[in-house]
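One-based numbering along the sequence shown. Note that these values count all heavy atoms, side chains included, but never hydrogens, waters or copies made by symmetry.
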Amino acid sequence: MSDQDPVVDSPAGPSGGPLRGLRVVELAGIGPGPFAAMMLADMGADVIRVDRAAEVRPERFGTPHPDLLNRGRRSIGVDLKTDTGRRVVLDLVRNADVLLEGFRPGVTERLGLGPGDCHAVNPRLVYGRMTGWGQDGPNAAYAGHDLTYLAPTGILHAIGRADERPVPPLNLVGDFGGGGLMLAFGVVCALLDVRAGGAGQVVDAAIVDGAAVLSTALHGLRRLGMWPGERGGNLLDGGAPFYDTYECADGRFVAVGALEPRFYAELVNLTGFEPPTGGGADRFDPRRWAVDRAAWAELFRTRTRDEWAALLERSDACVAPVLDWDEAPDHPHLRARGVFVDHAGAVQPAPAPRFSGTPAAIRRPPPQPGEHTDEILAELGRSDSDIAGLRRGEAVA
């Protein structure tokens, strides 16, 4: 972890960060939508999360919510199914730059908060939509999760060991890479168009679209003839023995990525590896891989993970220790760069990427649902009596 917390902005409003001054309304969801909102908040945007009124627990106010994806914003509790609650959200939208939602297609339209409703009060609004299948197509109305969105794209087919079933790649490729990051990127692109004089528009971010885009390089390798094998039999999928993981003497692992000839030469030199006979002379020849893998596996089992790391990590051999969740924040390089921070008692990844003039920051810990309801309503110009009336009508909490 970094020895210092990142700069934390004042609760009064945004400061610093390349997106300072940007106002975002987030309709609460899970996974990729909140991740996109977190990215915008880390970059300085003032993000207001609209949580369900039924989830508000005042006794928890003042204690950070455990879901770190919700960091950096304030929360208002609203019942979106009431007309009064809908008007509260439209009041927020009126002066916002962005709205983010992650419901199934058609849900916000039925709530009276669809793109048409929001653009009627704010024509310059960027309306960001996060789904798995997208806003149209045969599967659009149906449920799914990261794994089922990856399955039709070809990506899931490619992940795993040879002659074994495909392996779920956590939910980083779909939900967060193809989903949340693409939504954040799309929103910023649309905002640039608005600030150049364009009208507000809808950003339709679908996990199937974004995940497919992430695989573009592999499609290129296939066209170049550099990805000829099935799952687990290619250069970057664990097929090549010089791009794989190996168990060490202590049962822990190292990662080896010595692709280029000079990096592989350094790996061989530092480890004292003696290439086995048989299988051909070209190390890129798949016919040789099984023999070489067995020899490398035998060699790596002669020392512990950390002994190998001490020998190889700070070299061009392209070897690194495989660390677990608890070890990762204390890795010397990650600690030196402050890749992980301890903010409000929670160890978590620091904002990324980095900016030389407008640094990003974790502005506040994740809020409890509805923790800032009164504060946000007051900013909208609602009087104490108005707020009390909204609470009596259960439109807000």
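- Closest approach of L113 and Y127 over heavy atoms only: O-OH, 2.7 Å.
- V25 and V98 fall into different hydrophobic clusters, defined by Ile, Leu, Val, Met, Phe, Trp and Tyr side-chain heavy atoms under 4.5 Å apart, directly or through other members.
- By the 4.5 Å heavy-atom criterion applied to side chains, L259 and Y264 are not counted as neighbours.
- The environment of CZ in R223 is sparse: at most 12 heavy-atom neighbours from other residues, nucleotides or ligands sit within 6.0 Å.
- Using a 4.5 Å cut-off between side-chain heavy atoms of Ile, Leu, Val, Met, Phe, Trp and Tyr, with links allowed through other members, F103 and V78 fall into the same hydrophobic cluster.
- Counted within 6.0 Å of CZ on R252, heavy atoms from surrounding residues, nucleotides or ligands total more than 12; the atom is thus considered enclosed.
- Residue-environment remark: CG (D83) exceeds the threshold of 12 foreign heavy atoms within 6.0 Å.
- Judged by distance alone, the side chain of N234 and the main-chain N or O of G229 form a donor-acceptor pair under 3.5 Å.
- For R74 against E379, the heavy-atom pair with the smallest separation is NH1-OE2, 2.7 Å.
- Note: the hydrophobic cluster containing V173 does not contain L170 (ILVMFWY, side chain heavy atoms under 4.5 Å, direct or indirect links).
- Side-chain contact between W308 and C248 is present, with heavy atoms from C-beta onward closer than 4.5 Å.
- In this structure, the side chain of R303 does not engage the main chain of R301 through any donor-acceptor pair within 3.5 Å.
- If you check the side chains of D79 and T82, you find no donor sitting under 3.5 Å from an acceptor.
- When side chains are defined from C-beta on, L19 counts as touching L40, because their heavy atoms get closer than 4.5 Å.
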Check the pair R104 / E109 against salt bridge (Lys or Arg N to Asp or Glu O under 4.0 Å), numbers first and verdict last. CA-CA 10 Å; R104 293 196 200 190; E109 285 85 349; over 6 Å; no

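- Residues L22 and L191 are in side-chain contact: their nearest non-hydrogen atoms beyond the backbone lie under 4.5 Å apart.
- You'll find the ring centres of F242 and F273 outside the 6.0 Å limit.
- Placement of F176 and M39 within a single hydrophobic cluster is found when ILVMFWY residues are connected by side-chain heavy-atom separations under 4.5 Å, directly or transitively.
- Criterion: ILVMFWY side-chain heavy atoms under 4.5 Å apart, direct or through other members. Under it, L90 and V88 are part of a common hydrophobic cluster.
- Between Y149 and W133, the ring center distance clears the sub-6.0 Å criterion.
- Judged purely by distance below 3.5 Å, without hydrogens or angles, the side chains of R57 and Q368 never pair a donor atom with an acceptor atom.
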Run F300 and V256 through side-chain contact (heavy atoms from CB on, under 4.5 Å) and show every step you take. CA-CA 11 Å; F300 278 115; V256 178; 3.7 Å; yes

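- For I30, the CD1 atom sits in a loose shell: 12 or fewer heavy atoms of surrounding residues, nucleotides or ligands are nearer than 6.0 Å.
- More than 12 heavy atoms of other residues, nucleotides or ligands lie within 6.0 Å of CD in E59, so this atom counts as buried by the packing criterion.
- Taking all atoms of both residues into account, the shortest heavy-atom contact from H65 to N70 is ND1-ND2, 4.4 Å.
- With a 6.0 Å cutoff to the six-membered ring centre and a 45° limit on the axis angle, R335 does not count as a cation-pi contact of F340.
- Taking CZ of R86 as the reference point, atom NZ of K81 lies at 15.5 Å (rounded to 0.5 Å).
- Between the side chain of T373 and the main chain of I76, no donor-acceptor pair closer than 3.5 Å is present.
- Counting heavy atoms from C-beta outward, S75 and I48 have side chains that stay 4.5 Å or more apart.
- Here the NE2-CD1 distance, from H145 to I207, works out to 10.0 Å after rounding to the nearest 0.5 Å.
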Could you check L100 against L183 for side-chain contact (heavy atoms from CB on, under 4.5 Å), going step by step and ending with a plain yes or no? CA-CA 9 Å; L100 301 177; L183 176 58; 4.2 Å; yes

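- At least one donor-acceptor pair under 3.5 Å links the side chain of N122 to the backbone N or O of A96.
- Partner of R49 under the salt bridge (charged side-chain N to carboxylate O under 4.0 Å, His left out) criterion, out of E26, E55, E101: E26 alone.
- Counted within 6.0 Å of CZ on F185, heavy atoms from surrounding residues, nucleotides or ligands total 12 or fewer; the atom is thus considered open.
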Check against side-chain contact (heavy atoms from CB on, under 4.5 Å), M43 and T358: CA-CA 9 Å; M43 297 300 124; T358 55; over 6 Å; no

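- In terms of heavy-atom proximity, G186 sits nearest to V203 at O-CG2, 3.8 Å.
- Here the CH2-CG distance, from W289 to L235, works out to 6.0 Å after rounding to the nearest 0.5 Å.
- Between the side chains of E230 and H157, a donor-acceptor pair is found at a separation under 3.5 Å.
- From R23, atom CZ reaches atom CG of N95 across 5.5 Å, with rounding to the nearest 0.5 Å.
- Although no hydrogens or angles enter the test, the distance criterion places no donor-acceptor pair under 3.5 Å between the side chain of T148 and the main chain of G144.
- Contact record, V47 with A41: CG2-CB, 3.8 Å, taken as the closest heavy-atom pair.
- By the 6.0 Å and 45° rule, R305 does not stack over the aromatic ring of F253.
- Side-chain contact between D91 and R382 is present, with heavy atoms from C-beta onward closer than 4.5 Å.
- Seen from the ring of W227, R222 does not count as a face-on cation partner, given the 6.0 Å and 45° thresholds.
- Judged by distance alone, the side chain of T304 and the main-chain N or O of E307 form a donor-acceptor pair under 3.5 Å.
- In plain terms, the two heavy atoms of C118 and L99 that are nearest each other are SG-CD1, 4.2 Å.
- Within a 6.0 Å radius of CD in E260, other residues, nucleotides and ligands contribute more than 12 heavy atoms.
- Side-chain contact between R288 and R283 is present, with at least one heavy-atom pair separated by less than 4.5 Å.
- Heavy-atom neighbours of F61 CZ from other residues, nucleotides or ligands within 6.0 Å: above the threshold of 12.
- In this structure, the side chain of D292 does not engage the main chain of P241 through any donor-acceptor pair within 3.5 Å.
- Counting only distance, with no hydrogens or angles, the side chain of D42 and the backbone of P351 share no donor-acceptor pair below 3.5 Å.
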Less than 3.5 Å apart, which donor and acceptor atoms pair up between the side chains of residues 310-319 and the rest of the protein, not counting sequence neighbours?
from: E313; atom 1: OE2; to: H331; atom 2: NE2; distance (Å): 2.5
from: S315; atom 1: OG; to: L312; atom 2: O; distance (Å): 2.6
from: S315; atom 1: OG; to: A317; atom 2: N; distance (Å): 3.1

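- Put simply, the side chain of D146 gets close to the backbone of G174: a donor and an acceptor are under 3.5 Å apart.
- When side chains are defined from C-beta on, W296 counts as touching T271, because their heavy atoms get closer than 4.5 Å.
- If you take CG on D175 and CG on L181, they are separated by 11.5 Å, rounding to the nearest 0.5 Å.
- Note that the CG atom of L92 and the CG atom of L27 stand 9.5 Å from one another [nearest 0.5 Å].
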Test Q201 against D193 for side-chain contact (heavy atoms from CB on, under 4.5 Å), laying out the working first. CA-CA 9 Å; Q201 60 179 304; D193 183 66; 3.7 Å; yes

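- At least one donor-acceptor pair closer than 3.5 Å links the side chain of E327 to the backbone N or O of D324.
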